Asker: 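Submitted below is the structure of interest, expressed as structure tokens.
Computed from a prediction, not measured in an experiment: that's the story for all the values here. Counting convention: from 1, in listed order, for ligands and their atoms alike. Just so you know, residue 1 is the first one in the sequence shown, and it goes up from there.
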Amino acid sequence: MRIEDIRTPSYLIDEGKLRHNLEILKSVEDRSGAHILLAQKAYSIYQTYPLIAGYLTGATASGIYEARLAHEEMMGIRDGLENHVFEPAFKDDEMAELCDICDHIVFNSMTQLEHHRSVWEPAAAAGSLNVALRINPEYRAEDSHEIYDPCAPGSRLGIRNADMPDELPEGVTGIHFHNLCEEGFEPLKATFQKVEKDFKRFFPGNGHGPAISWINLGGGHHITKEGYDIEGLVSLLSYIRDEYGIRVYLEPGEAIALDAGYLITTVMDIVRTDKYPVLILDASAACHMPDVLEMPYRPPLKGSGQPGEKPYTYRLSSRTCLAGDIIGDYSFDREIGIGDRLVFEDMAIYSMVKNNTFNGMALPSIMLLKEDGDASMIRSFGYEDFKCRL
Ligand SMILES: Cc1ncc(COP(=O)(O)O)c(C=O)c1O
């Protein structure tokens with residue numbers, strides 16, 4: 001199918017751009033010896049997992065459903081892939097399955113670790129499961145947004161140094177931290193240096209007691225964004241490996257599918273207002289790009305400028321009832337008409353995974369733009385998808 005023939009609203013995943021990102025990430029793995037996992041919370045279009053598994057070490061999950069998805073759709077693709085999971089609290093009736101389908105599990109508190117010990121300990125003793133504690137590095141990047149900052153005051157995410165024991169608890173072999181969001185290399189370096197200093201007692205060479213054999217540096221690394229200091233990253237990862245002889249993991253979500261998807265939408269009406277004319281689109285910020293309202297941010301739109309930059313400025317909004325369902329203000333070289341199609345960019349991440357059907361809005365189809373230029377349908381949705389969730 002040609003892009004012009006796609007029914008809107010529709011997400012279009014760009015296979016070529018996905019591969020481009022994966023090649024960058026694989027080269028980091030190859031050069032540093034570190035292991036990169038797909039954080040499925042950002043992107044979990046499993047139909048592209050065969051491509052992803054060709055480059056990365058595996059996946060990480062935010063709970064049992066994502067863990068199952070990676071188990072079913074990725075782990076069988078080739079030998080050696082890894083399935084990791086972290087959740088602030090695990091349900092009792094999910095722990096046995098998680099220990100079965102995952103090879104790495106990360107607990108958020110000493111209480112959770114001990115509460116589930118009788119279930120995870122046999123798998124850990126048998127060597128099929130690696131157990132870690134998530135620590136709170138208590139390091140905040142300068143430009144962090146509070147909603148995405150696990151080191152903000154009062155955070156429930158990760159154990160602070162003062163609350164960690166003097167020695168690694170029996171059976172624990174790793175530590176995990178995650179404190180970044182869309183960051184360059186310097187905040188990662190600063191975070192690691194703080195962790196290395198504050199949590200030194202758990203690293204190999206500590207001179208007393210058991211030490212970690214792996215560390216997970218979390219996500220939030222904008223590795224595939226132009227200008228990211230990849231040389232710096234490779235040298236930090238190599239330093240950790242050489243200095244301590246431990247396995248090092250990164251679990252980015254955004255970096256994997258950054259700029260690798262679009263949301264194609266049609267202008268349904270144009271409403272005159274006391275400010276800019278408003279384009280009513282068949283896509284919605286609240287339903288189809290919730291981060292626009294949550295973060296908030298103004299998504300890139302193909303061929304557009306800032307308000308006033310080009311001759312025709314409009315406010316882009318949606319056909320839901322929510323007054324604040326506004327995507328942003330954009331300008332264009334030409335007047336926009338009803339029936340025109342607009343293309344939002346960077347729509348593969350934190351979009352499809354967060355969709356909802358508020359107002360009974362239809363979920364956009366999910367399409368794949370293949371490297372030969374052909375677009376094919378991955379999934380389309382209808383009324384039943386709305387109804388079956390209620
Ligand atoms: C524990 C953890 N790991 C990884 C990620 C992925 O982060 P990003 O998509 O910003 O790389 C997140 C995001 O919230 C996270 O909470």
Asker: Pairs in or reaching into residues 198-207: which pass salt bridge (charged side-chain N to carboxylate O under 4.0 Å, His left out), with residues at least two apart or in two chains?
Answerer: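 Residue pairs with at least one partner in residues 198-207: Lys194-Asp198.
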Asker: Mind jotting down which residue pairs meet the ring-ring contact (aromatic ring centres under 6.0 Å, His included) criterion with at least one end in residues 264-295? Sequence neighbours excluded, please.
Answerer: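 For residues 264-295: none.
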Asker: Looking at Tyr330, does the NZ or CZ of Arg298 lie under 6.0 angstrom from its six-membered ring centre and within 45 degrees of the ring axis?
Answerer: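 Verdict for Tyr330: a cation-pi partner in Arg298.
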Asker: Pairs of nitrogen or oxygen atoms, one from ligand 1 and one from the protein, closer than 3.5 Å: please tabulate them with distances.
Answerer:
from     : atom 1 : to     : atom 2 : distance (Å)
ligand 1 : 3 (N)  : Glu251 : OE2    : 2.7
ligand 1 : 7 (O)  : Gly220 : N      : 3.4
ligand 1 : 9 (O)  : Gly253 : N      : 3.3
ligand 1 : 9 (O)  : Glu254 : N      : 2.9
ligand 1 : 9 (O)  : Tyr350 : OH     : 2.6
ligand 1 : 10 (O) : Gly220 : N      : 3.4
ligand 1 : 11 (O) : Gly220 : N      : 2.7
ligand 1 : 11 (O) : Gly253 : N      : 2.8
ligand 1 : 16 (O) : Lys41  : NZ     : 3.0
ligand 1 : 16 (O) : His178 : NE2    : 3.4

Asker: Taking ring-ring contact (aromatic ring centres under 6.0 Å, His included) as the cut-off, I'd like each qualifying pair that reaches into residues 24-81, sequence neighbours left out, listed once.
Answerer: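 Found His35-Tyr249.
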Asker: Do Glu114 and Arg117 sit within salt-bridge range, that is, some charged N less than 4.0 Å from a carboxylate O?
Answerer: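 Counted as a salt bridge, because a side-chain N and a carboxylate O are separated by less than 4.0 Å.
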Asker: Any Lys/Arg nitrogen of Arg68 or Glu97 sitting under 4.0 Å from an Asp/Glu carboxylate oxygen of the other?
Answerer: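 Counted as a salt bridge, because a side-chain N and a carboxylate O are separated by less than 4.0 Å.
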